[in-house]
Amino acid sequence: MKNVLKLISLTLVVSLLFYCSGDDNNSPDPDPDPDPNPVDATTTLINTLSVPWELVWGPDDFLWVTERSGKISRINPNTGDQQEVLTINNVAQVQESGLLGMVHHPNFDTNPFVYAVYTYEDGNGLVERLVRFTYSNNALSNETILLDDIPADNIHNGSRLLITPDLHLLMTTGDAGDASLSQNMNSLAGKILRINLDGSIPTDNPITGSYIYSYGHRNAQGIVQLANGTIYSSEHGPSTDDEINSIAPGKNYGWPEIRGIVNTVGEEEFAANNETVESIFNWTPTIAPSDLVYYTSDRIPEWTNKLIMTVLKDQQLIALTLSSDGTSITNEETFFEGELGRLRDIAISPEGRVFVATNGNSYGDTSNTHSIIEINKIQ
C-alpha cells in the first residue's frame with residue numbers, strides 16, 4: 001500500500017512540474033528571446049550645425065550641407081566627420097535669408113560644378129543670386145554669378161534647386177514678402193525659373209526671352225521630378241493652404257489671388273479671368289512644408305514609391321501616396337511627429353538611406369546645435 005501511495009505522489013509531482021514548465025501550445029512564451037541585433041529607428045550623425053538648409057547626397061558618396069550663415073561642408077555619412085569646403089563671406093543671414101539651396105552638376109566627374117543660392121546686401125537691402133563653384137582638391141572656388149538681382153527679403157526666398165535630365169536648372173523663388181510680385185511677369189520673385197547651366201535663358205522656355213517657367217507661387221521650398229518627368233513642388237501658404245503642386249510650363253498657380261483650390265467667390269472671379277492651376281493637395285491650418293523627395297527604395301518599405309516631405313512647424317515627416325495618374329494625393333501618413341524637431345531637408349542615398357536636417361525646436365533658432373539624423377526604420 002505504501003508503495004502504491006509513493007507511486008501516486010511521484011506521478012502528481014511530475015505532472016505538476018510539466019504543467020508549470022509552460023510547455024503549452026496555447027500559452028504565450030513568458031520570456032521571449034530579445035532581438036539579438038536591435039536597430040535604432042534613428043541615428044544622430046552630427047549635432048553641431050548652425051541652421052542647415054540644403055542637404056544632398058553628393059556624387060562622391062558624402063552628404064553635402066549648406067548652413068545659412070554661409071558654410072558649405074562635406075559630411076561622412078558613416079562617421080559624421082565634417083569637412084568645410086567653402087565659407088561665402090558676403091552672405092547676409094537675416095531671419096530666413098542666407099545661404100540656401102545647392103545642387104551638383106549631374107556629370108560631376110567631367111563637370112565638377114556645384115550650384116548654390118544665397119542672399120546678400122546690395123546697399124538697398126537684400127537681393128538673391130544664383131552662383132556656380134568649381135570643386136577641386138577638397139575645396140570650392142571660382143565663384144561664377146549665373147543670375148543676380150533676384151528680389152529677396154528676410155522671409156519668402158524660395159531657393160530650392162533641381163537639375164532636370166535635359167540639363168536645365170529649375171529654381172524656386174519666393175515672393176520676397178511682396179505678394180504682388182508673384183503675378184508680376186517683370187519680376188523673378190514668386191516663380192519657378194528654368195535656366196541653362198551657364199546662366200542663359202533656354203530658347204524653349206514657355207515664355208520667350210524669360211527665365212519664368214511657372215508663376216503665382218508664394219514660397220516653394222521643395223521641388224522634385226519623377227522618372228516619368230512629372231514635377232511636384234511643396235509650397236508655404238499664409239495661415240491657410242500649404243500646397244503640393246504639379247508643375248507645368250507656363251502655368252499660373254494663383255498666389256495671392258488663389259490659395260490652394262478655387263473655393264471662394266473672389267477666387268472664382270480671378271480664375272474666370274485668368275488660366276490658373278489649383279493645388280493637388282493642401283493643409284489648413286498650415287504645417288510649414290519644406291523639402292520634397294520621391295522614395296523608390298525598399299529599404300524603408302513604408303515609404304516605397306511615395307513623396308516624402310519634411311515639415312517645419314508641425315515637426316514631422318509626411319509620406320504622400322500619388323494616384324495612378326499622378327494628378328492627386330490619395331493618402332497621407334505622418335511619422336516622427338514632435339520627436340526630431342523642425343525638419344528642414346531630406347537626402348536619399350542611391351541605396352535608399354534616408355537623412356534629414358533638423359532646424360531646432362522653435363522658429364528663429366540659430367544655435368550651433370542642429371543635426372543631421374539618419375532614419376533607419378519606422379517604429
Q) If you measure from CG on Leu188 to OG on Ser210, what distance do you get to the nearest 0.5 Å? A) 7.0 Å
(Q) Go through it in stages, so that I can follow the logic: the residues are Glu333 and Lys306, the test is salt bridge (Lys or Arg N to Asp or Glu O under 4.0 Å), and I'd like the CA-CA distance, side-chain angles, deciding distance and then a yes or no. (A) CA-CA 10 Å; Glu333 303 163 271; Lys306 296 177 183 179; 2.7 Å; yes
Q: Answer yes or no: is there a donor N or O on one side and an acceptor on the other, between the side chain of Ser371 and the main chain of Ile373, under 3.5 Å?
A: no
Q) Taking side chain as C-beta onward, heavy atoms only, is Ile195 less than 4.5 Å from Leu130? A) yes
Q: Specify the closest pair of heavy atoms between Thr172 and Ala220, including all atoms of both residues, with the distance to one decimal.
A: OG1-O, 2.7 Å
**Q.** Minimum-distance pair of heavy atoms, taken over all atoms of Asp242 and Ile287
**A.** OD2-N, 2.6 Å
Q | Same apolar cluster (I L V M F W Y, side chains within < 4.5 Å links), Phe108/Val103 | A | no
**Q.** Minimum side-chain heavy-atom gap Leu169-Tyr115 below 4.5 Å
**A.** yes
Q: Would you sort out whether Thr321 and Ile329 count as a side-chain contact (heavy atoms from CB on, under 4.5 Å), showing the intermediate values?
A: CA-CA 6 Å; Thr321 303; Ile329 303 292; 5.8 Å; no
Q. Given the rule in the side-chain hydrogen bond (donor to acceptor under 3.5 Å, both in side chains) test, do Glu243 and Trp283 qualify, once you have shown the distances and angles that lead to the verdict?
A. CA-CA 7 Å; Glu243 299 177 348; Trp283 290 266; over 6 Å; no
Q.
Pair Val65, Leu55 - check side-chain contact (heavy atoms from CB on, under 4.5 Å), show working.
A. CA-CA 5 Å; Val65 60; Leu55 180 67; 4.2 Å; yes
**Q.** Asp175 side chain to Gly177 backbone, donor-acceptor under 3.5 Å
**A.** yes
Q.
Could you walk me through whether His217 and Glu235 satisfy the side-chain hydrogen bond (donor to acceptor under 3.5 Å, both in side chains) test, starting with their C-alpha distance in whole Å, then the side-chain angles of each, then the deciding distance to 0.1 Å, before giving a yes or no?
A. CA-CA 8 Å; His217 299 289; Glu235 184 167 336; 2.9 Å; yes
Q.
What verdict does the side-chain hydrogen bond (donor to acceptor under 3.5 Å, both in side chains) test give for Tyr295 and Glu302, after you've listed the backbone C-alpha separation in whole Å, the side-chain angles of each residue and the deciding distance to 0.1 Å?
A. CA-CA 10 Å; Tyr295 191 73; Glu302 295 91 339; over 6 Å; no
Q) Under 4.5 Å between side-chain heavy atoms, hopping through other hydrophobics if needed: is there a path connecting Met102 to Leu147? A) no
Q. Under the 6.0 Å and 45° cation-pi test, does Arg129 pair with Tyr120?
A. yes
Q.
Is there a path of hydrophobic side-chain contacts, each under 4.5 Å between heavy atoms, that joins Val356 and Ile75?
A. no
Q: Using a cut-off of 6.0 Å, state whether more than 12 heavy atoms not belonging to Lys251 lie near its atom NZ.
A: no
Q: Please assess Ile280 against Thr327 for the test side-chain contact (heavy atoms from CB on, under 4.5 Å), listing each intermediate value before the final yes or no.
A: CA-CA 7 Å; Ile280 66 169; Thr327 61; 5.7 Å; no
Q.
Do Val117 and Leu161 make a side-chain contact, defined as non-hydrogen atoms from C-beta onward lying under 4.5 Å apart?
A. yes
Q: Could you tell me the separation between the CD atom of Glu278 and the CG atom of Asn245, rounded to the nearest 0.5 Å?
A: 10.0 Å
**Q.** Listed partners of Asp345 passing salt bridge (charged side-chain N to carboxylate O under 4.0 Å, His left out), at least two apart
**A.** Arg160
Q. So, for Ser182 and Gly190, which heavy atoms are closest and what is the spacing to 0.1 Å?
A. OG-CA, 3.6 Å
(Q) Just so I know, are the side chains of Met171 and Ile192 near enough to count as touching, which here means a heavy-atom distance under 4.5 Å? (A) no
Q) Looking at Asp291 and Ile346, what are the two nearest heavy atoms and their distance? A) OD2-O, 3.0 Å
Q: Would you please indicate if the ring centroids of Phe335 and Trp303 are separated by under 6.0 Å?
A: yes
Q | Rounded distance [0.5 Å steps], CG in Leu126 versus CG in Asn124 | A | 11.0 Å
Q: Given side-chain contact (heavy atoms from CB on, under 4.5 Å), test Leu140 with Ile72 step by step and report yes or no.
A: CA-CA 9 Å; Leu140 291 175; Ile72 302 177; 3.9 Å; yes
Q) With hydrophobic residues grouped by side-chain heavy-atom distances under 4.5 Å, do Val127 and Ile88 end up in a single group? A) yes
Q. Is Thr66 reaching over with its side chain to a backbone N or O of Glu54, donor-acceptor style, under 3.5 angstrom?
A. yes
**Q.** Sidechain-backbone polar pair: Thr286 side chain, Ala288 backbone, donor-acceptor under 3.5 Å
**A.** no
**Q.** Pair Ser214-Lys191, side-chain donor/acceptor within less than 3.5 Å
**A.** no
Q.
Using side-chain heavy atoms (C-beta onward) and a distance below 4.5 Å, is Pro238 in contact with Arg259?
A. yes
Q. Is there side-chain contact between Asn138 and Arg74, with at least one heavy-atom pair below 4.5 Å?
A. yes
(Q) Between Ser234 (side chain only) and Gly222 (backbone N and O only), is there a donor and an acceptor less than 3.5 Å apart? (A) yes
Q) Is a side-chain donor-acceptor pair under 3.5 Å present for Arg194 with His168? A) yes
Q: Following the transitive rule for hydrophobic clusters with a side-chain heavy-atom cut-off under 4.5 Å over Ile, Leu, Val, Met, Phe, Trp and Tyr, establish whether Tyr213 and Leu162 coincide in one cluster.
A: yes
**Q.** Spatial distance of atom CZ (Arg344) from atom OG1 (Thr358) [nearest 0.5 Å]
**A.** 11.0 Å
Q: For residues Leu49 and Asn47, determine if any side-chain heavy atom of one lies less than 4.5 Å from a side-chain heavy atom of the other.
A: no
Q | Shortest non-hydrogen contact between Pro165 and Gln225, atoms and distance | A | CD-OE1, 3.0 Å
Q) Where the side chain of His104 meets the backbone of Phe113, is there a donor-acceptor pair that is under 3.5 Å apart? A) no
Q.
Any side-chain to backbone donor/acceptor pair from Thr110 onto Asn107? Under 3.5 Å, distance only.
A. yes
Q: Any chance you could measure Phe355, atom CZ, to Ile46, atom CD1, to the nearest 0.5 Å?
A: 12.5 Å
Q.
Quick one, Val51 and Gln93 - any side-chain contact, counting heavy atoms below 4.5 Å?
A. yes
Q.
Centre-to-centre under 6.0 Å for Trp64 and Tyr135, is that the case here?
A. yes
Q: Determine, stepwise, if the pair Gln183 / Ser180 fulfils side-chain hydrogen bond (donor to acceptor under 3.5 Å, both in side chains).
A: CA-CA 6 Å; Gln183 295 292 323; Ser180 67; over 6 Å; no
Q: Apply salt bridge (charged side-chain N to carboxylate O under 4.0 Å, His left out) to Glu374 and list each qualifying residue two or more places apart in sequence or on a separate chain.
A: Arg353
(Q) To check you understand the geometry: which heavy-atom pair defines the closest contact between Asn157 and Asp153, and what is its length? (A) ND2-O, 2.7 Å
Q: Ignoring hydrogens and angles, tell me if any N or O in the side chain of Asn273 forms a donor-acceptor pair with the backbone of Glu269 under 3.5 Å.
A: yes
Q. Around atom CG of Asn137, are there more than 12 heavy atoms of other residues, nucleotides or ligands at under 6.0 Å?
A. no
Q.
Checking Ser323 against Asp325: is there a side-chain donor and acceptor pair closer than 3.5 Å?
A. yes
Q | Donor-acceptor contact present, side-chain Glu128 to main-chain Pro151, <3.5 Å | A | no
Q.
Taking Gly199's backbone N and O only, do any of them form a donor-acceptor pair with Asn196's side chain (distance below 3.5 Å, no angle check)?
A. no
